Amino acid sequence: MNAQPALLGLLALLMAAPVAAQLDDQAPWPTANHDYRHTSRSPHKGPAALHIKWTFAAGGTVWGPSVGRDGVIYVPSDDGNLYALNPDGVEKWRFDLESRVSANVSYAVGQHVALAADGTIYATGMSLFAVNHDGTEKWRFNAPGVPGKTPGLTGFQSPMIGPDGTVYQSSTDGTLYALNPADGSVKWSKQFTAGVRIQAPISFTAEGNPLVSLRK
């Protein structure tokens with residue numbers, strides 16, 4: 001009997017043609033793996049010799065940073081906070097993602113944030129939060145998750161901004177949500193086979209369609 005592959009498939013979901021790039025293309029590193037297609041390639045050359053410029057200690061494990069056009073660094077931490085750091089490593093502000101570790105469930109934050117061209121920062125904790133550039137809340141979105149097991153947005157789900165500005169967020173029950181960036185309302189959602197997990201973050205085809213990786 002052939003072993004069942006862990007990767008069940010890549011699904012491209014058809015959507016309307018993109019009208020404009022809404023990730024902040026003026027930011028050095030606006031989202032996970034740099035861009036819509038997760039190339040992990042920067043247009044900038046790195047230093048010839050590496051050295052530690054500064055360090056910052058959060059209250060828990062820190063995940064992948066995103067860098068805004070003004071040089072501010074946004075990094076989520078398992079202590080339940082999103083940190084905004086000035087280019088010199090000094091904390092500018094922190095935002096409570098309402099994500100904590102309990103005796104039964106680790107309410108982990110998303111591993112990356114996404115930076116929009118209008119200055120909005122999208123970060124995931126117990127909710128998907130749209131955070132203003134000054135660190136105040138713009139709106140939040142909650143997903144139902146798996147009844148009786150886990151809340152909707154735990155387990156490292158990270159948000160992503162589509163080429164037309166739509167905000168995408170996956171949930172622990174295998175649902176992909178497409179949200180309006182203005183208010184977090186649901187444009188559409190797609191639930192996949194029960195027991196299937198959406199690998200986050202999603203990426204996009206050249207036509208702007210969301211590309212979803214599924215895993216049992």
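All values derive from a computational prediction rather than experimental measurement.
- The distance from the CZ atom of Phe129 to the CD atom of Glu98 is 4.0 Å, given to the nearest 0.5 Å.
- Criterion: ILVMFWY side-chain heavy atoms under 4.5 Å apart, direct or through other members. Under it, Val67 and Trp54 are part of a common hydrophobic cluster.
- Residue pairs meeting the salt bridge (charged side-chain N to carboxylate O under 4.0 Å, His left out) criterion with at least one partner in residues 128-137, sequence neighbours excluded, are Glu137-Arg140.
- Taking all atoms of both residues into account, the shortest heavy-atom contact from Ala130 to Tyr122 is CB-CE2, 3.6 Å.
- Using a 3.5 Å distance cut-off with no hydrogens or angles, the side chains of Lys190 and Thr175 do not pair a donor with an acceptor.
- For Asn180 (side chain) and Ala182 (main-chain N/O), no donor-acceptor pair under 3.5 Å exists by modelled atom type.
- The shortest distance between side-chain heavy atoms of Trp139 and Leu128 falls below 4.5 Å.
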Show your working on side chain to side chain contact (heavy atoms under 4.5 Å, CB included) between Leu85 and Val75 and close with a plain yes or no. CA-CA 8 Å; Leu85 308 177; Val75 58; 4.3 Å; yes
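- To the nearest 0.5 Å, atom OG of residue Ser170 and atom CG of residue Leu176 are 7.0 Å apart.
- Taking the six-membered ring wherever Trp is involved, the centroid distance between the rings of Tyr74 and Tyr83 does not fall below 6.0 Å.
- The side-chain heavy atoms of Trp188 and Val186, taken from C-beta on, include no pair separated by under 4.5 Å.
- A heavy-atom distance below 4.5 Å is found between the side chains of Ile121 and Leu82.
- Atom CG in Asp183 sits 11.5 Å away from atom CZ in Phe141 (nearest 0.5 Å).
- The ring of Tyr177 has its center no closer than 6.0 angstrom to the ring center of Tyr168.
- Across Asp96 and Gly80, no two heavy atoms sit closer than the pair OD1-O, 3.5 Å.
- Ser77 and Asn81 share no donor-acceptor pair across their side chains, judged by distance under 3.5 Å alone.
- Nearest heavy atoms, His112 versus Ser158: N-OG, 3.2 Å.
- With respect to His133, the side chain to side chain donor-acceptor pair (under 3.5 Å) criterion is satisfied by exactly one of Asp70, Asp118, Thr120: Asp70.
- At a cut-off of 3.5 Å, with distance as the only test, a side-chain donor of Gln169 or Thr124 sits close to an acceptor on the other residue.
- Annotation for Phe95 and Thr136: closest pair CE1-C, 4.3 Å, computed over non-hydrogen atoms.
- No donor-acceptor distance shorter than 3.5 angstrom exists from the side chain of Thr166 to the backbone of Leu179, with no hydrogens or angles considered.
- The two atoms that bring Pro87 and Gly71 nearest to each other are CG-O, 3.5 Å, heavy atoms only.
- Minimum interatomic distance between Pro76 and Gly64 (heavy atoms only, all atoms of both residues): CD-O, 3.8 Å.
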